[in-house]
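Just below is one structure, and these are the notes that go with it.
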Amino acid sequence: MVFSSDPVRVQPYFGFRNDNRLILSARALKAGEADFNRSGRWRAMRTMMSQFASREVAGLVVQLELERPDGERIRYEGITNAEGFVHFDIALEGTWSLGAASNWEVVSLHWNNVSGTQCAEGHVLAPSEETRLGVISDIDDTILETGITGGLRNLLRNMKRVIAHLPDERIAVPGADTFYSALGGAPPSPASDAKTGERLSATQRPFFYISSSPWNLFSYLVAFKRSRNLPLGPIMLRDWGFNRETLGSSSHGAHKREAIDRVLETYPDMRFALIGDDTQGDFAAFGETVRRHPSRIAAVFIRKAAKVSLDEAEMAAKALIEKEGVPLWLGDDYSTGRAFLKTIGLDSDGEAEQIIETVERGTEGVQAE
């Protein structure tokens with residue numbers, strides 16, 4: 001659990017960049033690092049409870065250190081806010097071209113605590129300069145049934161599951177691993193993780209994840225994706241509170257629209273497939289995105305996870321998406337890989353047939369179980 005004597009640590013979140021801008025956030029906390037390799041139910045519960053019982057540290061000076069393409073190291077300074085967050089949105093000076101293959105670049109964050117000067121490694125996704133298609137995906141009920149959002153009643157009903165189960169014990173949406181890995185494209189490009197020795201993998205087509213879950217679940221969600229071989233990518237979560245602003249259904253859509261806009265703005269030459277579900281305003285958020293950026297959206301994929309029929313807002317979003325001529329898929333599983341991949345233009349891609357065959361082989365196995 002968390003004690004006042006715990007030293008301050010900084011938790012870096014995944015960042016991303018283009019050739020002139022880098023975005024990365026981190027949070028200063030008084031809490032131990034998440035250890036999801038522990039066995040035993042009580043240890044699992046302690047690990048998860050510690051993620052929610054952390055103490056945020058305001059007013060901490062944090063420096064982000066980057067290595068320029070010419071080898072020179074440069075630092076940028078930020079100060080944590082009242083909730084412990086520090087946000088870096090940096091205009092990159094000089095030539096920061098993107099490579100021929102997507103990759104994770106390693107940066108470092110520096111701060112001081114009672115033990116002296118500290119350093120933590122962070123990772124920044126740099127998509128390939130050749131990439132023209134990316135994926136923006138929801139998490140909750142799209143790849144993982146989280147139960148952490150969607151109102152106080154759902155939160156309380158599912159809290160036991162969230163606290164008591166480690167990432168590799170959680171149920172993934174059937175077929176998501178195969179489908180997402182196929183969408184990723186080429187074999188992964190690794191970057192070393194200085195702390196664990198594990199390697200982060202960047203797929204050819206970058207993934208960006210948006211979720212209404214709290215930032216407290218960042219490490220948990222990363223561990224879940226690793227356990228299911230899902231593509232890693234920047235995760236845009238929320239600062240959570242037990243209030244109407246957080247728990248209200250309209251706030252989910254607003255958060256997701258803002259996150260999508262940030263990605264679209266960062267990669268103006270890229271089109272995106274949007275993947276979500278019908279539980280937390282994804283349909284309406286995606287419809288609004290299509291209305292404002294119709295040429296930027298290659299397709300919309302909505303997994304029907306909860307409801308049989310669409311509500312009024314979802315019907316309006318459906319009509320808008322269809323009016324703009326953006327391909328739309330509505331279904332309750334990922335077994336229609338061929339049709340969906342064709343709608344987003346991969347049928348004209350040199351890798352298309354191999355990707356489609358991979359998806360169909362994987363989803364056939366899921367259906368047979």
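For reference, positions follow the sequence shown, starting with 1.
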Quick test of your reading of the model: are Glu56 and Arg27 salt-bridged, counting only N-O distances below 4.0 Å?
yes
Is it true that Arg262 and Glu258 make a salt bridge, defined as a side-chain N closer than 4.0 Å to a carboxylate O?
no
Test item: Thr80 side-chain N/O and Phe85 main-chain N/O as donor-acceptor pair under 3.5 Å:
no
In the single-linkage hydrophobic clustering (I, L, V, M, F, W, Y; side-chain heavy atoms under 4.5 Å), do Leu109 and Ile74 co-cluster?
yes
May I have the step-by-step check of side chain to side chain contact (heavy atoms under 4.5 Å, CB included) for Asp278 and Arg303, ending in yes or no?
CA-CA 7 Å; Asp278 62 356; Arg303 174 179 176 261; over 6 Å; no
I'd like to check Ser213 versus Ile139 (side-chain heavy atoms, cut-off strictly below 4.5 Å). Are they in contact?
no
Do Leu328 and Val326 touch side chain to side chain, with heavy atoms closer than 4.5 Å?
no
Hey, could you give me each pair passing ring pair (Phe, Tyr, Trp, His ring centres under 6.0 Å) that has a residue in residues 6-34? Not counting sequence neighbours.
Tyr13-Trp215, Tyr13-Phe218, Phe14-Trp104, Phe14-Phe218, Phe16-Phe208
Closest approach of [X] to [Y] (non-hydrogen atoms, all atoms of both residues):
X: Asp19; Y: Ser97; value: CB-CA, 4.3 Å
X: Ala126; Y: Arg17; value: CB-NE, 4.0 Å
X: Pro234; Y: Gly15; value: CG-O, 3.6 Å
X: Glu130; Y: Ala100; value: CG-O, 4.4 Å
X: Ala120; Y: Pro12; value: CB-CG, 4.1 Å
X: Tyr209; Y: Pro231; value: OH-O, 2.6 Å

Which is it for Ser211 and Asp140 under the side-chain hydrogen bond (donor to acceptor under 3.5 Å, both in side chains) test, yes or no, and what are the steps along the way?
CA-CA 7 Å; Ser211 170; Asp140 318 313; 2.8 Å; yes
Checking salt bridge (Lys or Arg N to Asp or Glu O under 4.0 Å) against Glu265, which of Arg292, Arg296, Arg21 comes through?
Arg21
Decide ring-ring contact (aromatic ring centres under 6.0 Å, His included) for Tyr180 and Phe207; before the verdict, give the C-alpha distance in whole Å, the side-chain angles of both, and the deciding distance to 0.1 Å.
CA-CA 9 Å; Tyr180 277 56; Phe207 279 74; 5.6 Å; yes
Hey, mind stepping through His293 and Ile260 against side chain to side chain contact (heavy atoms under 4.5 Å, CB included) and telling me if it holds?
CA-CA 11 Å; His293 310 284; Ile260 292 170; over 6 Å; no
Take atom CD in Glu72; do more than 12 heavy atoms of anything else shown fall under 6.0 Å from it?
yes
